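Single-structure report; data block below.
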Number of protein chains: 2
Amino acid sequence: MKKVEYSIGQLGKLTHTKVPTVRYYEEIGLITPVGRSEGGQRRFDQASVRRLGFVRHARELGFTLDAIRQLLGLADRPTASCEPVDGIVQQQLHEVDLRLARLQAIRQELQRMLDECSGGKAGDCRILEVLADHSLCLTEDHDHPDSTTDRQI
Amino acid sequence: MKKVEYSIGQLGKLTHTKVPTVRYYEEIGLITPVGRSEGGQRRFDQASVRRLGFVRHARELGFTLDAIRQLLGLADRPTASCEPVDGIVQQQLHEVDLRLARLQAIRQELQRMLDECSGGKAGDCRILEVLADHSLCLTEDHDHPDSTTDRQI
DNA sequence: ATAGGATCTCTAGTAACTAGAGCTTCAAGC
DNA sequence: GCTTGAAGCTCTAGTTACTAGAGATCCTAT
């Protein structure tokens, strides 16, 4: 069984990751090539594929790169307790729940705005009115964008 | 009835907007002070308050500043048809729906991961396993972060 | 008159990439 | 062995919507 090596492009294909993204992950220390070719091109191995796969999957689930860095650190020490892993995931679930709640409220208001728009001139547009006057909207949870840690997905 | 004027700080309080954010919105052309004081400080009026209120409310609903710029342009021409407004809002609703669907799938997988974790060593951690091996996860819609236009809320 | 809070401008930083310029390396075909 | 074109390299800068800080100036109340 010989060691298979991958170019950055092959690694990218295997993990559905764009090449510049792989380089970016290397830059911030999430993955490291096993070496370089004679001419200086990056070479990766099977472990890189798994590691990058992990990163990508976690990103799909909305984890920040920072959280992923922690998860990777924990995954690297198989004898450690998996409690912190659990904590990170629980935290993420919590944030997803918050975002779901906010999005659902937003969805409702958008839908209502659309329902009320009768399609005339902008001057009479109910949508523009609601947007201009917050008190016309139903949402209670008046959450101000500045304070909202708004992130991805 | 005399014209009331507001400093940037007062405007910020009235609209729950941080002062640097107000300046940023001015920089990108969303709002404009009515003038400046002798000493060069910005002065705003009631119309500024309404306009900034509009921006903030639209941001809460997840519109991009670009969409908001368009909405403001439409709101400024009351005789124009409100059809494009409707279009922008519908588009936004659509995006919110997509995001809700994705978040719900994510929520499910996070929950399942937590349910399966028995709390032992990281080496046996089901969570880390699932993260490392995408094929272990239930989500069908394998959506790759790169291609995801992931934005706020 | 003065103190101290508010405001000014300017630069730089955040997350997680993406895009482009200008150059070099690699692999396949002849 | 040579050529050619895709793929790789580094570096800089751009994206969105702000936020933070430095150092100077203004405004208002005592």
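What you are looking at is a predicted structure, and each value in this text was computed from that prediction instead of being measured. Order of the sequence lines fixes the chain letters, A, B, ..., with proteins taken first and strands second; residue numbering starts at 1 for each chain.
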Item to check | Between C1' of C:dC17 and CD of A:Glu27, the distance in whole Å | outcome: 11 Å

Checklist outcome for this item: Against the side chain of B:Tyr25, the closest entry in C:dC8, C:dC17, D:dC18 is D:dC18

Checklist entry - Is there a donor-acceptor contact under 3.5 Å linking the side chains of B:Thr17 and B:Arg56? => result yes

Checklist entry - Rounded to the Å, how far apart are B:Glu5 CD and D:dC27 P? => result 13 Å

Item to check | B:Glu95 bridged to B:Arg99 by N-O distance under 4.0 Å | outcome: no

Checklist entry - Between A:Arg59 (side chain) and A:Ile68 (backbone), is there a donor-acceptor pair under 3.5 Å? => result no

Checklist entry - D:dT25 C1' sits how many Å from B:Arg42 CZ, rounded? => result 14 Å

Checklist outcome for this item: note: B:His16, atom NE2; D:dC18, atom C1'; distance rounded to Å ~ 18 Å

Checklist entry - Does the side chain of B:Ser37 get closer than 4.0 angstrom to OP1 or OP2 of D:dC27 through an N or O atom? => result yes

Checklist entry - If you check every side-chain atom of B:Ile8, which of C:dC26, C:dC8, D:dC18 has the closest atom? => result C:dC8

Item to check | A:Ile68 CD1 to C:dA15 C1', straight-line distance once rounded to whole Å | outcome: 12 Å

Next on the checklist: D:dT10, OP1 or OP2 - any side-chain N/O from A:Arg23 closer than 4.0 Å?
Outcome noted: no

Item to check | Nucleotide of C:dA16, D:dC18, C:dC8 approaching B:Arg36 most closely (side-chain heavy atoms) | outcome: C:dC8

Checklist entry - Given C:dT7, C:dA16, C:dT9, which nucleotide is nearest the side-chain atoms of B:Ser7? => result C:dT7

Checklist entry - Looking at C:dC26, C:dC17, D:dG8, which one has an atom nearest to any side-chain atom of A:Val19? => result D:dG8

Checklist entry - Can you tell me how far P of D:dT10 sits from CD of A:Glu26, to the nearest Å? => result 8 Å

Checklist entry - Are A:Gln104 and A:Gln108 linked by a side-chain donor-acceptor pair shorter than 3.5 Å? => result no

Next on the checklist: Nearest to the A:Thr21 side chain among C:dT18, D:dA17, C:dT7, which nucleotide is it?
Outcome noted: C:dT18

Next on the checklist: Keeping A:Gln92 on the side-chain end and A:Gly62 on the backbone end, is there a donor-acceptor pair under 3.5 Å?
Outcome noted: yes

Checklist entry - Which nucleotide in the list C:dA16, C:dT9, D:dC9 gets nearest to the side chain of A:Leu65? => result C:dA16

Item to check | Shortest side-chain distance from B:Tyr24, nucleotide among C:dC8, D:dT19, D:dG8 | outcome: D:dT19

Checklist entry - Over how many whole Å does the gap from B:Gln41 atom CD to C:dT9 atom C1' extend? => result 12 Å

Item to check | C:dC17 phosphate, OP1 or OP2, under 4.0 Å from A:Arg59 side-chain N/O | outcome: yes

Item to check | Polar side-chain atom of B:Arg102 near backbone of A:Glu60 as donor-acceptor pair, under 3.5 Å | outcome: no

Item to check | Of A:Pro20 and A:Arg43, the one whose closest DNA chain C nucleotide lies more 5' | outcome: A:Pro20

Item to check | Any A:Lys18 side-chain N or O less than 4.0 Å from OP1/OP2 of C:dC17 | outcome: no

Checklist entry - What is the distance from CD1 of B:Ile28 to P of D:dT19, rounded to the nearest Å? => result 12 Å

